[in-house]
Amino acid sequence: MRALRAFLFNVLFFAGTTALCICMVPLMPFGRKANQLVGHMWCHLTQGALAISVGMYKRIRGLENLPKGPCILVAKHQSAWETLTFHTVVPDPAYILKKELTRIPLMGQFLLFSGQIAVDRSAGSSALKDMIKGAERALEEGRQIVIFPEGTRTPPGSDRPYHPGIYALYKAFPNTPVIPVAINSGMFWGRHSFMKYGGEVTMEFLPAIEPDLDRKTFMKTIKSRIDDRTRELEREAQAEFNLPTLTSRDVEIEEAREKAEAEQQEAKTAIPMKSVDQEKTPS
């Protein structure tokens, strides 16, 4: 029965996304807010499809810690679920995302026109400068920056290091609240899993990080707060909704798969660069 419900969600999701992509084409020239409105619609519709098909709902905690106006949301990233949910919780999110996503036909153009912050992770220090510039524009517009410090979706139970880009934002905008966000979405909707499980996925906004911390203290503080609370939410979901038990072997398999994918991507980008270098070498 669960497999049938998961299949129904996939039908609703892909059909709805295709239809919305086609409908949004005429809106693209009308500016960021019009495109952002399409994003809100898509996220609300997908949340509705999850509720109808698999019985997956959202549970939001800690809204008293979410300031009105601009802020920087540093979130755990276990699933596609949170990329949908921030759009239904905060009024005008600006996601920091990898530039490769902007190359997806139609969807990529929508991401750019809606004012998301695309970063070329292979560009080194210039990528950090581009991120800061994009974040500055978004904060001036009163938006909420959303950044996933692990850089990619990670399985529940994993202990991936956080990228230092979050400290760059913290340092560049000292008057902007930095809010840690714990999420247990991977227990319900895994990255490579066809199955999706019913229940209430929790997103919890934690108290803002204290100002004026040095880099080492900041990185340790934000990681421990997000990871520790995420572990608690994972255990809570497992007990409350009778979800499959997560083992350390599950985490190892998922992390090995992610490592292999990253190595394949690096190999793909390395080949063109090598060709360019050879062309520049005088004969």
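Not measured: the values here are computed from a predicted model. For the numbers below, each heavy atom of this structure counts, side chains included, while hydrogens, waters and symmetry mates do not.
Screening residues 16-27 for salt bridge (Lys or Arg N to Asp or Glu O under 4.0 Å) gives no qualifying pairs among residues at least two apart or on separate chains. Legend: ring-ring contact (aromatic ring centres under 6.0 Å, His included) pairs involving residues 127-166, not counting sequence neighbours, sorted by first then second residue: His77-Phe148.
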Pair Arg59, Glu240 - check salt bridge (charged side-chain N to carboxylate O under 4.0 Å, His left out), show working. CA-CA 13 Å; Arg59 175 189 288 167; Glu240 185 176 359; 2.9 Å; yes

Carefully, step by step, assess Trp189 and Phe194 under the rule ring-ring contact (aromatic ring centres under 6.0 Å, His included). CA-CA 8 Å; Trp189 182 354; Phe194 169 79; over 10 Å; no

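Using a 4.5 Å cut-off on side-chain heavy atoms (C-beta onward), Val181 and Glu204 make no contact. Using a 4.5 Å heavy-atom threshold, the side chains of Val119 and Lys129 count as separate. Between Ile183 and Thr202, the closest side-chain pair of non-hydrogen atoms is not below 4.5 Å. At least one side-chain heavy atom of Phe9 sits under 4.5 Å from a side-chain heavy atom of Thr46. Contact annotation: the side chain of Arg231 never approaches that of Glu236 to less than 4.5 Å [non-hydrogen atoms, C-beta and beyond].
Judged as a salt bridge (charged side-chain N to carboxylate O under 4.0 Å, His left out), and not counting sequence neighbours, Arg235 has no contacts. Arg5 meets the side-chain hydrogen bond (donor to acceptor under 3.5 Å, both in side chains) test with no other residue; sequence neighbours excluded. Contacts of Arg137 classified as salt bridge (charged side-chain N to carboxylate O under 4.0 Å, His left out), with partners at least two apart in sequence or in another chain: none. Every residue two or more places apart in sequence or in another chain that forms a ring pair (Phe, Tyr, Trp, His ring centres under 6.0 Å) with Phe218 is listed here: Tyr167, Tyr170. Remark: Lys98 engages Glu100, Leu101, Arg121 in a side chain to side chain contact (heavy atoms under 4.5 Å, CB included) (not counting sequence neighbours). Partners of Tyr57 under the ring pair (Phe, Tyr, Trp, His ring centres under 6.0 Å) rule, at least two apart in sequence or in another chain, do not exist in this structure. Residues satisfying the salt bridge (charged side-chain N to carboxylate O under 4.0 Å, His left out) test with Glu64, not counting sequence neighbours, are none. Scored by the ring pair (Phe, Tyr, Trp, His ring centres under 6.0 Å) test, Tyr95 finds His87 as partners (sequence neighbours excluded).
Note that the CG atom of Asp212 and the CD1 atom of Ile209 stand 13.0 Å from one another [nearest 0.5 Å]. The structure places CG of Leu45 at 11.5 Å from CG of Leu50, a figure rounded to the nearest 0.5 Å. Taking CE of Met195 as the reference point, atom CG of Leu243 lies at 11.0 Å (rounded to 0.5 Å).
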Determine all donor-acceptor pairs shorter than 3.5 Å in which one atom belongs to a side chain in residues 68-76; sequence neighbours excluded.
{"unit_1": "Lys76", "atom_1": "NZ", "unit_2": "Glu150", "atom_2": "OE2", "d": "2.8"}
{"unit_1": "Lys76", "atom_1": "NZ", "unit_2": "Asp227", "atom_2": "OD1", "d": "2.9"}

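Here the shortest heavy-atom pairing between Pro91 and His40 reads O-NE2, 3.0 Å. Of all non-hydrogen atoms in Met131 and Ala168, the two that sit nearest each other are CE-CB, 4.5 Å. Closest non-hydrogen pair, Ala138 versus Ile117, comes out as CB-CD1, 4.4 Å. Smallest separation of non-hydrogen atoms from Ala182 and Ile226: CB-O, 4.0 Å.
Using a 4.0 Å cut-off between a side-chain N of Lys or Arg and a carboxylate O of Asp or Glu, Lys223 and Asp159 qualify as a salt bridge.
Evaluated for a side-chain hydrogen bond (donor to acceptor under 3.5 Å, both in side chains) with Asp92, the options Gln36, Lys33, Gln144 yield exactly one hit, Gln36. Of the residues listed (Leu169, Leu213, Ile222), the one engaging Val178 in a side chain to side chain contact (heavy atoms under 4.5 Å, CB included) is Ile222, and it is the only one.
The main-chain N or O of Phe205 is found under 3.5 Å from a side-chain atom of Asn65 such that the two form a donor-acceptor pair.
The local environment of NZ in Lys99 is sparse, with at most 12 non-hydrogen atoms from other residues, nucleotides or ligands closer than 6.0 Å. For Asn10, the CG atom is densely surrounded, since the number of other residues' heavy atoms within 6.0 Å is greater than 12.
Hydrophobic side-chain contacts under 4.5 Å tie Leu8 into a cluster, directly or through other members, with Leu12.
Between the side chains of Asn184 and Gln78, no donor N or O sits under 3.5 Å from an acceptor N or O.
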